[in-house]
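For reference, the structure discussed in these notes is given below.
When a ligand or atom number is given, it counts from 1 through the structure's own listing order. Here, residue 1 is the first one in the sequence, and each next residue gets the next number.
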Amino acid sequence: VPVDPFDLVVFGATGDLARRKLIPALYHRLHDGQMPDEARIVGAARGELDRDGFRRMADAALEEFVGAGELDPDARRRFLSTIDYVRLDALSSDGWGQLSAALPDADERPRAFYLSVAPRFFGQVAERVHGAGLARPDSRIVIEKPLGHDLASARALNACFAGHFGEHQIYRIDHYLGKETVQNLMALRFANALFEPLWNARHIDHVQITVAESVGVEKRGPYYDGIGAMRDMVQNHLLQLLCLIAMEPPARFEPDAVRDEKLKVLRALAPVTDLEAVVRGQYAAANGTPAYAADAESAESRTETFVALKTEVANWRWSGVPFYLRTGKRLRARVSEIAIAFKPAPHSIFPGSAGRTGQNVLAIRLQPDEGITLGMTIKDPGPGGLRLAPAELDMTFADRLAQAHLRMPDAYERLVMDVIRGDQTLFMRGDEVEAAWAWVDPIIAAWDERGDRPAPYDPGSSGPEDALMLMHRDGRRWREIA
Ligand code: BG6
C-alpha cells in the first residue's frame, strides 16, 4: 500500500547506518511502489557536499548494498531525484535556515526526522529541530540504540525528548522488531488457535533464545569496549524477543495495546540474584583471528562479547519455566533462533527403548534460513516393529518466498514506512526501555563489583564451557549453533 508523499530528514546522512541501511531500504520501497516519487529525502550532515555530491554518494551506497546488478535503472533514477542535501552542524545554528527552506510548507505531508547520529548529539539535534520550528505537532523523530547505557541515562534521554516531543512522536527503533520473522512470531502466536492453550508453564518445559554471530567486533572494537554484549544485545534485542514470546495476547494489534503487554513482561522478569545464572565470555585468538582484546585495543579489557543467562518471567502463566538467553560474537555460526521446548508426553505406551519419545520443540528461526520447525516423534518407517524416531515438520520461508518470487525485506524497510504511516507498534516506548535497563543494571553492577574477567572462549565455538553448564545443571541442553 503506497504511503502519502512525505519529507524525511536524515541527520548524519553520510554515516554508515544511512548508507548501509536507510538508503537501500528507501530505494526498495520506491521500487516496490510504496514510496511515492513526490517524497523528499533530505540528507543533513556536516560534510562539504552539495545535492549532486550527496546523490552520487547515495548512488554508490545503492551499488554497494543493493548490488549493481540488482538495481532497476528507472527506479534508481526516480529514487535519486527525491534526494536533497543540506550542510548543517548539530552543534551550531549553521544550516538550519537552509534545512527549513528545503522542506515543503504543505502541512498535510508527514514529516520525520531520523537521528542517524552519535547518541551524544541526540539531545542537541532534538532541541534544534524544535528550536528552528521544524517540528509540527505530528512530526516524528526517530532514534536508535544505544538509548542510554543504564537506567539513569535512559531516563535522562527520555526526559530530554519529552521536553520537545510527545511520546506519540518518538520512534525508538529496535531493528529486531522490524525483521520479517520477528513479526511472524506475533502472527504465529496470535493468529493460530493451536498454540495458545499450550503456551504456559503447564506444557512448556523451557524457552531458549539464541542470537549468535560469527563475526567479531572488527572495526567497532574501541566503540564496543566498555559496552559489551549485555548492553549491546541483551538489554534490547533479546529482551524484546523474550517479550514477544512471553506476553499476554493484546486485545488489538495496536501500538499501546502491544507495548503495554511487553512492558508487563519486562516488569515481571525475576531479578537475577545468583551470578552463577549469568555467564560472560570474551573471545580469544585463534587461527589468525585476533582476540577481542586486540580488536578492542585494550589488553586488560573486561568487556564481554558473550552472555548466557537464565531468567524467569515471574507471573501466573510462566512461573517455574526457565528462559535461557545467549548471545555472542565469533561463535560457530550466525544463527538467531527461539526454541520452545514442550514437556514430554506424560506416559509412554510403547515398551522399552522403543518408547523413548523425543521432546516436542517449536523452533522459530529468525535468521538465516528463516522458518519454523516443529520437532515431533513419529514411527520409524519400515516393516520392523513399532519403533519411534524423531522427525521435523519444516516450514522454511525462503522456499515460499522464492516460489512467490519475493525478496525477504530488510527490517528498516518496514520500520521507516511505519514511521511515515505513523504506526508505533513495532517501536519501543520509553517505559519499556527503562524497564529493560532496570532489570539489566543490577547484573552489570554485580559484575563490576566482582571485577573478574569474562571467561575466554575459542572463536568458532559455542561460547565458554560455563554456558553449557548453565543448562547441564538443569538437565537440559542448548540447541546446536549451526
Ligand atoms: C546491533 C548490534 O544492534 O545488532 C551489533 O549493535 C550486532 O553488535 C547487530 O552485530 C546484529 O544485528 P543483525 O540484524 O545482524 O542480527
Checklist entry - Which protein non-hydrogen atom lies closest to atom 3 (O) of ligand 1, naming both residue and atom, and how far is it? => result His237 NE2, 2.7 Å
Checklist outcome for this item: atom 5 (C) of ligand 1: of Lys21, Arg220, Glu213, the nearest heavy atom sits on Arg220
Checklist entry - Would you say the side-chain atoms of Glu337 pair up with the backbone N or O of Ala363, donor to acceptor, closer than 3.5 Å? => result no
Checklist entry - With a 4.5 Å heavy-atom cut-off, do Phe113 and Val10 have their side chains touching? => result no
Checklist outcome for this item: Counting from 1 in the order shown, the ligand 1 atoms closer than 4.0 Å to a non-hydrogen atom of Lys179 are 13 (P), 14 (O), 16 (O)
Checklist outcome for this item: In this structure, CG of Leu426 is separated from CE of Met428 (nearest 0.5 Å) by 11.5 Å
Next on the checklist: Suppose I only count heavy atoms of Lys329 and a 4.0 Å limit; which atoms of ligand 1 are within that range?
Outcome noted: 5 (C), 7 (C), 8 (O), 10 (O)
Checklist entry - Of all the non-hydrogen atoms in the protein, which one sits nearest to atom 12 (O) of ligand 1, and at what distance? => result His175 NE2, 3.2 Å
Next on the checklist: Suppose I only count heavy atoms of Asp232 and a 4.0 Å limit; which atoms of ligand 1 are within that range?
Outcome noted: 2 (C), 5 (C), 6 (O), 8 (O)
Item to check | Ligand-residue contact atoms, ligand 1 with Arg334, heavy atoms, under 4.0 Å | outcome: 15 (O)
Item to check | Subset of ligand 1 atoms that lie under 4.0 Å from at least one heavy atom of Lys145 | outcome: 1 (C), 2 (C), 3 (O), 6 (O)
Next on the checklist: Check the orientation of Trp199 and Trp318. Use parallel for under 30°, tilted for 30 to 60°, and perpendicular for over 60°.
Outcome noted: perpendicular
Checklist entry - Got the closest protein heavy atom to atom 16 (O) of ligand 1, with its distance? => result Tyr176 OH, 2.5 Å
Checklist entry - Are Phe306 and Tyr283 close enough that their ring centers fall under 6.0 Å? => result no
Item to check | Pro464 versus Arg280, closest heavy-atom pair with distance | outcome: CG-O, 4.3 Å
Next on the checklist: Centre-to-centre under 6.0 Å for Tyr324 and His206, is that the case here?
Outcome noted: yes
Checklist entry - Of the backbone atoms (N, CA, C, O) and the side-chain heavy atoms from C-beta on, which set of Tyr224 has a member under 4.0 Å from an atom of ligand 1: side chain, backbone, both, or neither? => result neither
Checklist entry - When you look for heavy atoms under 4.0 Å from ligand 1, do you find them on the side chain of Arg231, its backbone, both, or neither? => result neither
Checklist entry - Is the CG atom of Asn192 crowded by more than 12 outside heavy atoms at less than 6.0 Å? => result yes
